[in-house]
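Have a look at the structure below, then the notes.
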Amino acid sequence: MSACVPTRATDPSDPHRASHLHPPHSPPPAPPRRFRIASADVSASIAVFLIALPLSLGIALATGAPLQAGLVAAAVGGIVAGRLGGCPLQVSGPAAGLTVVTADLIHRYGWRTTCAITVLAGVVQLGLGCLRVARTALAVSPAIVHGMLAGIGITIAVAQLHIVLGGTPQSSVLDNLRALPAQLARVQPAAVSVSALTLALLFLWPRIPGRAGLLLRRIPAALVAVAGATTTASLTGLVLPKVDLPSWSSHALAGLPEGPALGLVAAVLTTTLVCSVQSLLGAVAVDKLAAGRPDLLAGGPGAGRGARVGRSDLDRELLGQGAANIVSGALGGLPVAGVAVRSSANVQAGAVSRNSTMLHGVLVVIAALLMVPVLEFIPLASLAALVMAVGIQMVSLHHIRTVTRHREVLVYAVTTLGVVVFGVLEGVTLGIAVAVGVSLHRLTRTRITHHERDGVHHVHVRGQLTFLAVPRLSRALHLVPQGADAVVELDGSFMDHAAYESLQDWQKTHTVQGGSVELTGRSPGTSIAEPSGAADCRCRPWTAWRNHQCELPRPAAASTPTWSAVSDTGTLGPAGPAGAATAAVSPGMSGASGASGASGENGGPDEAGRPGRPGGSGELGDSSGPTGSSGPGGPGTSRGPAGSSGPLAPAGLGGHELARGISAFQRNTAPIVRGELARLAREGQQPAQLFLTCADSRVVTSMITSSGPGDLFVVRNVGNLVPLPGEESGDDSVAAAIEYAVDVLKVRSITVCGHSGCGAMQALLDSEPGGARTPLKRWLRHGLPSLERMADDSRAWAKLAGRASADAVEQLCLTNVVQQLEHLRSHDSVARALRDGELELHGMYFHVGEAQAYLLTEASSEGVFDRVTDADGLRSPV
């Protein structure tokens with residue numbers, strides 16, 4: 001059949017045909033989209049509905065509100081908050097965390113005013129969402145949030161215990177505790193038996209073993225517990241108070257707020273605070289649950305077409321919660337917030353979009369209109385037992401262990417007791433006050449010790465050095481005898497003016513009296529009297545490797561290099577007469593040619609604002625500049641006169657920085673890794689991966705792979721090249737490393753890692769035939785197959801997922817990774833291990849400017865480099 005189908009000529013003047021024409025060179029109009037609900041959303045909505053129905057009635061019972069108010073809040077939370085909120089998978093409705101607040105409002109102001117307060121709280125939430133302050137709520141200490149929930153849980157459990165025993169709860173926790181002995185004296189056996197059956201089903205249902213248990217556990221335990229207790233009570237004829245749902249025609253709606261203005265404002269703020277914080281924290285928790293489902297993050301086969309779920313928009317979530325509270329309050333419903341139990345059930349049931357949440361709200365509406373006769377069989381004692389169990393679970397032992405481990409148990413305990421005794425707003429206020437006090441105590445807590453070692457007096461200051469610590473600092477300094485050698489180590493990041501003057505005055509006095517003082521710290525910014533030249537460095541790094549950003553002046557003259565030991569104070573010890581300068585290599589020097597490698601990519605400006613140059617890579621950039629200055633991005637490189645750079649540069653500031661880095665390792669890192677290194681020294685190395693990458697100084701393998709000693713067997717060379725077998729021409733270094741890694745170390749994977757702005761790739765692009773055969777050109781010939789591969793029009797180019805290559809250098813970097821993987825397969829040891837299924841090959845690309853890694857994901861002839869996210873690992877082998 002011919003692929004060319006003749007078309008009929010159309011008359012533009014035909015009015016019936018003209019409506020179907022579209023302008024030339026424009027795409028045809030898209031067909032109207034049909035609303036579809038994924039089957040996963042339908043099943044998840046049913047599961048959430050079965051949980052929400054009994055809980056909504058139970059929470060309404062616990063607050064003292066009309067039971068229909070719980071159904072209204074569940075329906076509005078599902079439909080309104082589900083449609084407008086910023087967390088598609090979070091389920092909103094009446095929450096147990098709002099029970100105490102709502103019960104107190106109903107007791108003080110009545111139901112209609114409580115509905116008006118809910119509406120006003122929703123308006124405030126809308127305002128906060130418009131101001132985009134949602135992230136601010138996450139600044140609240142987790143100890144305060146967990147303490148608030150624990151206090152609310154205790155309050156709920158104590159109140160519902162009275163209903164479980166067949167009585168009526170009081171208005172406060174203390175009143176309920178005082179009335180508990182009398183309630184125990186008049187226990188109602190029928191209520192206790194129904195409650196006990198509810199609790200037994202609730203806790204035993206998820207623990208049914210075997211294959212039958214896997215099927216039965218799909219039915220929510222809350223529904224089974226309430227349904228089982230209701231059926232038992234009906235069959236045995238127990239006389240118990242049951243759910244009473246009045247006619248919807250008599251349902252009370254919101255009225256004008258009545259009461260003192262200050263009290264109403266406090267009530268609105270309290271409701272807003274609890275609703276907002278619980279909803280926002282719930283959204284963050286749902287994001288963590290969704291991260292465990294790759295189909296949600298990547299739009300996998302189970303997620304439906306285009307069903308990619310990203311991180312929650314917290315400001316939009318606040319707007320959605322505000323709209324839901326306005327609608328719920330206006331319709332006579334309870335306050336609405338995100339509910340952890342229903343949200344986690346929604347994610348675990350397989351929901352893929354917000355349609356699940358909205359459909360669950362529709363099901364609640366149907367149940368509220370059509371299932372009233374069935375709901376009125378439910379005993380109140382069964383609902384009370386269900387809510388009491390929820391309250392008990394809000395006092396989480398895991399949270400208690402966490403806050404104890406972080407030394408915040410005092411904040412947790414004060415918040416919990418404050419909520420139980422005084423109320424939610426008062427308890428949270430007390431918790432915030434205690435948290436601030438604890439933070440100030442930690443800020444001002446400084447540990448100062450003094451000890452003598454080998455005739456040198458060491459004064460170690462740990463913590464922030466403020467005026468409050470000056471008396472203790474002065475006492476410790478005066479323990480140093482006159483004329484003695486002293487080392488003051490400042491292990492903190494802050495020193496105020498009072499401490500600075502006190503320490504400086506003592507240093508001057510001690511020096512005049514014939515003593516010596518050396519001041520050291522974690523960073524140059526914490527020292528008072530740096531060695532000559534180092535005081536010009538004022539960066540405040542949080543990690544030692546960022547010291548390359550300090551621009552230090554070059555030494556004026558060179559001296560004969562000698563070696564010496566590095567002391568634990570970070571200075572180079574004496575070496576020869578008069579402490580001759582020691583040999584050192586600056587941390588900024590590249591391993592390939594001595595030039596530092598922090599220049600901008602492809603001639604652009606680098607991170608320090610200095611102009612870049614073509615080739616910008618550290619290993620191939622110009623290694624000399626006028627008057628011997630270092631290349632861009634290479635501060636601190638020690639050089640001799642006229643820009644010469646020998647194998648050992650004279651030690652000046654470069655040597656000082658090297659010694660400082662080694663000293664920091666010996667002082668801070670060595671005690672941590674010493675045990676692991678000792679084990680590796682005994683047992684030998686057993687790395688799982690061979691990592692073959694470029695010699696560029698910006699590619700820090702341990703940093704970008706989060707690896708430690710013994711994890712990676714690293715091979716670095718200019719251009720991350722793998723010479724083909726027989727093409728080495730006397731340089732078998734890479735081939736020997738591959739053979740050793742595969743045959744001796746038995747690595748399970750090999751990764752070839754290229755990077756952006758590679759100077760080797762730039763040199764390949766700029767190379768011209770002929771000319772001197774320098775060592776660099778002889779080595780780069782192994783990259784010519786990559787250049788030929790990119791120039792071959794019959795091959796598809798390797799590419800980055802989501803965008804095109806920035807320029808020819810980046811395209812060649814990607815192509816080179818794919819080509820070197822082919823070279824790897826040509827080595828006998830690799831081919832044999834691949835054939836036996838004992839080895840995997842991976843391609844990786846590291847974009848320096850973005851600090852983003854990409855992995856080669858497709859096993860095609862070229863492949864796509866996809867971005868690595870938090871939930872990703874190494875994908876299918878290539």
Side-chain angles (χ1 to χ4, degrees), residues 687-695 699 701 705 712-755 758 760-761 764 779-801 811-846 853-866 868 873-878:
Q689 301 179 53
L690 167 59
F691 199 84
L692 199 153
T693 188
C694 188
V699 181
T701 57
T705 60
L712 299 180
F713 186 71
V714 181
V715 175
R716 305 186 67 146
N717 61 55
V718 176
N720 48 275
L721 301 178
V722 181
L724 286 167
E727 298 292 332
E728 295 90 344
S729 298
D731 184 4
D732 292 328
S733 173
V734 176
I738 294 171
E739 180 182 346
Y740 182 76
V742 176
D743 293 342
V744 180
L745 297 179
K746 304 295 183 182
V747 297
R748 295 188 295 273
S749 71
I750 302 178
T751 301
V752 177
C753 176
H755 67 94
C758 181
M761 300 301 104
L764 278 174
W779 170 253
L780 287 181
R781 77 184 186 280
H782 301 301
L784 292 177
S786 301
L787 194 62
E788 296 169 358
R789 187 188 192 101
M790 191 177 75
D792 188 353
D793 294 335
S794 64
R795 292 178 179 266
W797 278 3
K799 59 183 179 180
L800 294 176
Q811 183 60 59
L812 184 56
C813 291
L814 298 173
T815 305
N816 182 60
V817 172
V818 179
Q819 182 65 37
Q820 301 312 313
L821 287 171
E822 287 196 5
H823 289 185
L824 266 175
R825 294 187 181 93
S826 302
H827 288 259
D828 292 339
S829 56
V830 174
R832 184 172 56 255
L834 288 173
R835 188 168 53 250
D836 297 339
E838 299 173 350
L839 185 66
E840 294 180 354
L841 301 185
H842 301 283
M844 177 177 169
Y845 177 74
F846 181 67
Y854 297 81
L855 287 177
L856 188 61
T857 57
E858 295 183 2
S860 61
S861 59
E862 298 299 332
V864 177
F865 289 82
D866 198 4
V868 179
L874 283 177
R875 294 181 173 83
S876 301
V878 296

Completion exercise
Closest heavy-atom pair, His755 versus Tyr845, reported as atoms and distance to 0.1 Å, is C-CE1, 3.6 Å
Fill in the blank from the handout: Rounded to the nearest 0.5 angstrom, the CE-SG distance for Met844 and Cys753 is 4.0 Å
Practice task
Examine distances only and state if a side-chain atom of Arg716 and a backbone atom of Cys694 form a donor-acceptor pair shorter than 3.5 Å.
Solution key: yes
Completion exercise
Closest non-hydrogen contact found for Leu764 with Leu787 is O-CD2, 3.6 Å
Problem - Option passing side chain to side chain contact (heavy atoms under 4.5 Å, CB included) with Arg825 (candidates His823, Glu822, His827) - result: Glu822
Handout entry: For the student: nearest non-hydrogen atoms of Val742 and Ala833, plus distance
Key = CG1-CB, 3.9 Å
Handout entry: CE on Met761 to OG1 on Thr815, rounded to 0.5 Å
Key = 10.0 Å
Handout entry: Distance (rounded to the nearest 0.5 Å) between Thr701 OG1 and Leu712 CG
Key = 6.0 Å
Fill in the blank from the handout: Sequence neighbours excluded, the answer for side chain to side chain donor-acceptor pair (under 3.5 Å) partners of Ser829 is none
Practice task
Report yes if the side chains of Leu745 and Pro687 come closer than 4.5 Å at any heavy-atom pair, otherwise no.
Solution key: yes
Practice task
For residues Val817 and Gly843, report the shortest heavy-atom separation together with the two atoms involved.
Solution key: CG1-CA, 3.8 Å
Handout entry: Least distance between heavy atoms, Gly719 atom then Cys758 atom
Key = CA-SG, 4.3 Å
Problem - Spacing of CG belonging to Leu812 relative to CE belonging to Met790, to within rounding of 0.5 Å - result: 5.0 Å
Practice task
For Phe713, check ring-ring contact (aromatic ring centres under 6.0 Å, His included) against everything at least two apart and list the hits.
Solution key: Tyr740
Completion exercise
Sequence neighbours excluded, the answer for side chain to side chain donor-acceptor pair (under 3.5 Å) partners of Asn816 is Ser786, Gln820
Handout entry: Side chain Asn717, main chain Leu721, donor-acceptor under 3.5 Å
Key = yes
Practice task
Starting at CZ of Phe691, measure out to CG of Asn720 and round the result to the nearest 0.5 Å.
Solution key: 9.5 Å
Problem - Check: Gln811 side chain, Ala798 main-chain N or O, donor-acceptor pair, under 3.5 Å - result: yes
Practice task
Could you check if a side-chain atom of Arg789 sits within less than 4.5 angstrom of a side-chain atom of Val818, using non-hydrogen atoms only?
Solution key: yes
Problem - Distance in Å, Leu821 CG paired with Thr751 OG1, rounded so as to fall on 0.5 Å steps - result: 9.0 Å
Fill in the blank from the handout: For Arg832, the side chain to side chain donor-acceptor pair (under 3.5 Å) test, sequence neighbours excluded, returns Asp743
Practice task
Find out whether Leu692 and Val734 are in side-chain contact, i.e. whether some heavy atom of one side chain is under 4.5 Å from a heavy atom of the other.
Solution key: yes
